[in-house]
Enquirer: 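Pasting in a structure now, in structure tokens, and then I'll have a few things to ask.
Hydrogens, waters and symmetry mates play no part in the numbers below; they use all other heavy atoms, side chains included. Numbers restart at 1 for each chain; the letters A, B, ... are given by sequence-line order, proteins then strands.
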4 protein chains.
Amino acid sequence: MKAIADVCVIPIGIGVSVSKEVTACERIFAEAGLKSRLHAYGTNIEGEWDDVMAAIKRCHETLHGMGVARISTNIRIGTRTDRAQTMDDKIRSVEEKLKG
Amino acid sequence: MKAIADVCVIPIGIGVSVSKEVTACERIFAEAGLKSRLHAYGTNIEGEWDDVMAAIKRCHETLHGMGVARISTNIRIGTRTDRAQTMDDKIRSVEEKLKG
Amino acid sequence: MKAIADVCVIPIGIGVSVSKEVTACERIFAEAGLKSRLHAYGTNIEGEWDDVMAAIKRCHETLHGMGVARISTNIRIGTRTDRAQTMDDKIRSVEEKLKG
Amino acid sequence: MKAIADVCVIPIGIGVSVSKEVTACERIFAEAGLKSRLHAYGTNIEGEWDDVMAAIKRCHETLHGMGVARISTNIRIGTRTDRAQTMDDKIRSVEEKLKG
């Protein structure tokens with residue numbers, strides 16, 4: 001089952017800056033071979049459901065290993081059976097209508 | 001890794017009423033032996049990370065099997081290593097302060 | 001415009017325990033006269049869109065005033081025009097199907 | 001109060017394709033003079049809290065006016081008092097660490 005997800009991992013209790021932890025998650029998504037794209041409030045990820053979810057779990061394990069005691073993650077995940085659709089398809093579909 | 005999650009599954013394109021699909025998800029959480037509690041905008045789930053995520057995946061598979069072509073799910077999932085904490089602990093901790 | 005919302009306010013950088021801040025938000029929802037119900041990963045709120053959103057803004061202002069330097073909030077908010085629906089209606093609709 | 005938000009508006013009950021409605025929201029963010037950037041699972045928005053929230057409300061009103069009977073929106077919204085931070089700052093901060 002293919003999925004497009006958006007993930008926002010929030011380390012709690014480590015201070016106001018969380019970019020070191022977000023960077024660690026980006027590396028995990030890249031190493032997992034997932035197509036991913038960072039934005040200002042999370043990361044888009046495209047891949048098999050199991051691979052996407054395994055990478056998110058690894059973010060929690062890795063951050064806890066780095067000393068983060070508490071993590072709260074928000075995930076949006078979408079699947080569809082009517083047709084294949086990539087992250088780029090979703091954006092293109094809106095951008096074409098914006099021009100039209 | 002124990003997790004507390006909150007899941008809101010949205011079937012898209014099937015009409016305005018989604019309670020049949022939400023009910024199917026509730027049954028999946030119960031059959032998975034997960035501690036879960038429905039609220040007005042999702043369901044709290046407590047359990048092992050893998051069990052929680054497997055149940056959410058099963059919601060997508062089951063709803064697609066029921067003819068829902070597109071699903072968008074929002075998940076909040078939290079883990080902590082400093083201490084064990086249940087859903088009831090989280091609520092009690094706030095309710096005590098409200099009385100205090 | 002009536003709305004049903006679910007709000008999860010996460011104070012960042014203040015330590016692992018956030019129940020004092022969650023309690024402050026609960027008080028704000030109650031003082032605003034909104035129908036609200038705490039669960040293990042957020043709070044359901046029912047009311048006019050503007051009142052719900054004003055209360056959430058007040059949570060941010062109040063927590064910043066308490067010394068929280070950074071806050072990340074996740075909101076689910078739903079509106080519908082086909083019929084009036086309360087938080088209790090949403091839950092009842094699923095619970096009846098679970099029994100059926 | 002400045003905010004960085006991420007908004008995912010889901011029209012329910014209109015069919016599987018939602019790009020027309022997402023496009024209408026993009027136009028609303030642009031007309032509101034907000035800095036916004038579409039991604040594959042939502043839109044980043046930067047601006048004053050009230051302006052961001054007014055634009056999201058307008059999305060609901062506009063989509064209902066287009067005949068969408070039910071809408072469920074997921075919002076992440078962050079504020080901080082320790083320093084000013086833009087959407088670009090957030091991304092740059094992670095990208096620099098990825099190179100480092």
Enquirer: Considering only heavy atoms, which portion of D:V68 lies under 4.5 Å from any heavy atom of chain C: side chain, backbone, both, or neither?
Expert: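 The backbone, not the side chain.
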
Enquirer: Can you tell me how far SG of C:C8 sits from CZ of D:R76, rounded to the nearest 0.5 angstrom?
Expert: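 Between atom CZ of D:R76 and atom SG of C:C8 there are 12.0 Å.
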
Enquirer: Take atom NZ of D:K20 as the centre, draw a 6.0 Å sphere, and report whether it contains more than 12 heavy atoms from other residues, nucleotides or ligands.
Expert: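 No, not enclosed.
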
Enquirer: For a side-chain hydrogen bond (donor to acceptor under 3.5 Å, both in side chains) with D:T79, tell me which candidate from C:R70, C:E61, C:H60 qualifies.
Expert: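 The residue from C:R70, C:E61, C:H60 that satisfies side-chain hydrogen bond (donor to acceptor under 3.5 Å, both in side chains) with D:T79 turns out to be C:H60.
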
Enquirer: Decide side-chain contact (heavy atoms from CB on, under 4.5 Å) for C:N74 and D:N74; before the verdict, give the C-alpha distance in whole Å, the side-chain angles of both, and the deciding distance to 0.1 Å.
Expert: CA-CA 7 Å; C:N74 184 250; D:N74 184 251; 3.3 Å; yes

Enquirer: Supply the atom-to-atom distance D:R80 CZ to C:H64 NE2, rounded to the nearest 0.5 angstrom.
Expert: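 NE2 of C:H64 is found 10.0 Å from CZ of D:R80.
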
Enquirer: Does any backbone or side-chain atom of D:I56 lie under 4.5 Å from a heavy atom of chain C? Answer side chain, backbone, both or neither.
Expert: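 Both parts, heavy atoms under 4.5 Å.
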
Enquirer: Are C:K57 and D:M53 packed together at the side-chain level, in the sense that at least one heavy-atom pair is separated by less than 4.5 angstrom?
Expert: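 The answer is no; the side chains never approach within 4.5 Å.
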
Enquirer: Please rank C:D82, C:T73, C:I10 by heavy-atom pairs under 4.5 Å with chain D and give me the top one.
Expert: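 Of C:D82, C:T73, C:I10, C:T73 has the most heavy-atom pairs under 4.5 Å with chain D.
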
Enquirer: Would one find more than 12 heavy atoms of other residues, nucleotides or ligands at under 6.0 Å from atom CZ of D:R37?
Expert: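 Buried by this count: over 12 neighbours within 6.0 Å.
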
Enquirer: At a heavy-atom distance under 4.5 Å, which candidate from D:L63, D:V9, D:D50, D:I12 has the highest pair count against chain C?
Expert: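 Option with the greatest count: D:D50.
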
